[in-house]
2 protein chains.
Amino acid sequence: MSEISTNFTERTIEYEQLLLDFKVLLKNNNLKFTIQREVILECLYNSDEHLTPESLHNILQNKYPDLKIGIATVYRTLSLLEDSKIVTSLSFGAQGKKYELGAKDHHDHLICTECGDITEFVDDQIEKKQHQIADKLGFKMLDHSMQIYGICQSCQQK
Amino acid sequence: MSEISTNFTERTIEYEQLLLDFKVLLKNNNLKFTIQREVILECLYNSDEHLTPESLHNILQNKYPDLKIGIATVYRTLSLLEDSKIVTSLSFGAQGKKYELGAKDHHDHLICTECGDITEFVDDQIEKKQHQIADKLGFKMLDHSMQIYGICQSCQQK
DNA sequence: TCTTTTTTTGAAATATATTATCATTATCGC
DNA sequence: GCGATAATGATAATATATTTCAAAAAAAGA
Ligand SMILES: [Mn+2]
Ligand SMILES: [Mn+2]
Ligand SMILES: [Zn+2]
Ligand SMILES: [Zn+2]
């Protein structure tokens with residue numbers, strides 16, 4: 001596969017660090033670093049969207065047509081990245097999970113039920129309260145997810 | 001279908017009211033009141049669990065074998081009840097939605113990632129904060145869902 | 001570098017969840 | 001009861017996700 005140019009759009013220090021961490025993680029688990037795994041990570045890094053496995057696959061097929069990346073590899077890699085806490089997934093509404101890079105700071109989601117648009121937010125007070133609730137109920141809290149559904153500003157004007 | 005005895009386990013005032021409301025809703029929308037719709041509502045009312053369409057279908061087939069209720073009807077009725085805000089659904093982890101009667105007061109969920117057990121809770125402070133966040137971001141809030149994931153007390157002891 | 005071992009890949013088959021189609025049956029106002 | 005309309009169950013179709021497997025690629029070692 002050495003003839004395929006990856007032609008990365010952006011390679012910030014932050015991304016380089018992420019990639020390095022990923023390589024270390026792979027090595028520690030006797031896994032191999034492949035061009036497929038790299039382009040998936042890179043694509044997640046350069047996307048602001050919340051991507052489905054399907055949409056990620058489409059993007060990759062357009063961007064790297066010679067790679068002929070398979071949908072199974074996208075699913076496998078997203079699972080690996082999620083297990084490794086590098087990406088997080090979001091499942092709401094009807095069908096399918098959506099993935100985003102977890103390297104950005106934790107946040108919750110405001111989802112417009114009209115247009116599907118997603119706004120991100122964090123509230124420290126809520127975050128703290130969640131821990132308190134889990135403690136009180138004898139739960140060892142690992143994670144949480146919270147979605148607020150409503151009509152966004154632009155959809156209200158229609 | 002008049003030969004089928006429904007043999008309801010419990011018929012509280014609360015349930016009678018729920019049923020009445022459901023009948024009004026159906027009439028207002030030119031929909032018909034059927035025995036299938038009634039037993040699905042009744043089953044949801046008498047269950048403490050968070051039911052999948054599949055598990056609800058199994059329960060109904062055991063309880064009313066002569067009805068030979070179809071899985072498609074279960075899906076259709078759950079969608080209708082959800083659209084009508086009579087039941088709410090919960091989708092987390094991998095596969096499938098889980099439904100519960102929304103007539104009980106609103107609450108959020110603590111989910112054990114080991115055994116799948118679900119604990120319900122409400123926190124007024126968080127509820128209030130969610131509205132404030134939506135307001136601040138110009139969102140007309142309609143609903144929300146929040147899940148805390150962790151290890152329950154009994155799973156921690158194993 | 002060449003060789004060997006091990007992992008990963010894409011394609012296709014399979015599994016699972018959900019929805020659509022359609023002929024038949026039930027509901028309900030008259 | 002009659003007729004108009006809606007709902008049903010069986011089945012097919014679709015969408016989503018996972019498994020299988022032979023071929024290819026990556027890492028390790030010589
Ligand atoms: Mn997000
Ligand atoms: Mn609940
Ligand atoms: Zn919107
Ligand atoms: Zn548990």
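So you know, we letter chains A, B, ... as the sequences are listed, proteins then strands, and number each from 1.
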Sugar-phosphate only, base, or nothing, as touched by I71(A) at under 4.0 Å among non-hydrogen atoms: nothing
Value in whole Å for how far the C1' atom of dT5(D) lies from CG of L26(B): 15 Å
Parallel, tilted or perpendicular, as decided by the 30° and 60° cut-offs, for the rings of H109(A) and H50(A): perpendicular
Sidechain-backbone polar pair: Q156(A) side chain, G138(B) backbone, donor-acceptor under 3.5 Å: yes
Length of the line joining R76(B):CZ and dC22(C):P, which is rounded to integer Å: 14 Å
Straight-line distance of L26(A) CG to R37(A) CZ, nearest 0.5 Å: 6.0 Å
dG9(D) OP1/OP2 closer than 4.0 Å to side-chain N/O of Q36(B): yes
Atom-pair distance (NZ on K68(B); C1' on dT24(C)), nearest Å: 16 Å
Side-chain N,O (K27(B)) to OP1/OP2 (dG29(C)) below 4.0 Å: yes
First encountered from the 5' end of DNA chain C, between L31(B) and F33(A): F33(A)
Separation of atom CD1 in I40(A) from atom C1' in dT8(C), rounded to whole Å: 12 Å
Atom CD1 of I13(A) with >12 non-hydrogen neighbours under 6.0 angstrom: no
Nucleotide nearest K32(B) when distance is taken to its side chain, options dT5(D), dT8(C), dG9(D): dT5(D)
Contact under 4.0 Å: R37(A) side-chain N or O vs dT8(C) OP1/OP2: yes
Whole angstrom value for the distance that separates P of dA26(D) from CD of E38(A): 11 Å
Length of the CG-P vector between D66(B) and dA26(C), whole Å: 14 Å
Length of the line joining L78(B):CG and dT8(D):P, which is rounded to integer Å: 12 Å
Working for side-chain contact (heavy atoms from CB on, under 4.5 Å), residues L18(B) and Y45(B): CA-CA 9 Å; L18(B) 180 66; Y45(B) 180 77; 4.0 Å; yes
Below 4.0 Å: OP1/OP2 of dA6(D) and any side-chain N or O of T34(B): no
Distance, rounded to the nearest Å, where L80(B) contributes CG and dA7(D) contributes C1': 11 Å
Side-chain N,O (Y75(B)) to OP1/OP2 (dT19(C)) below 4.0 Å: no
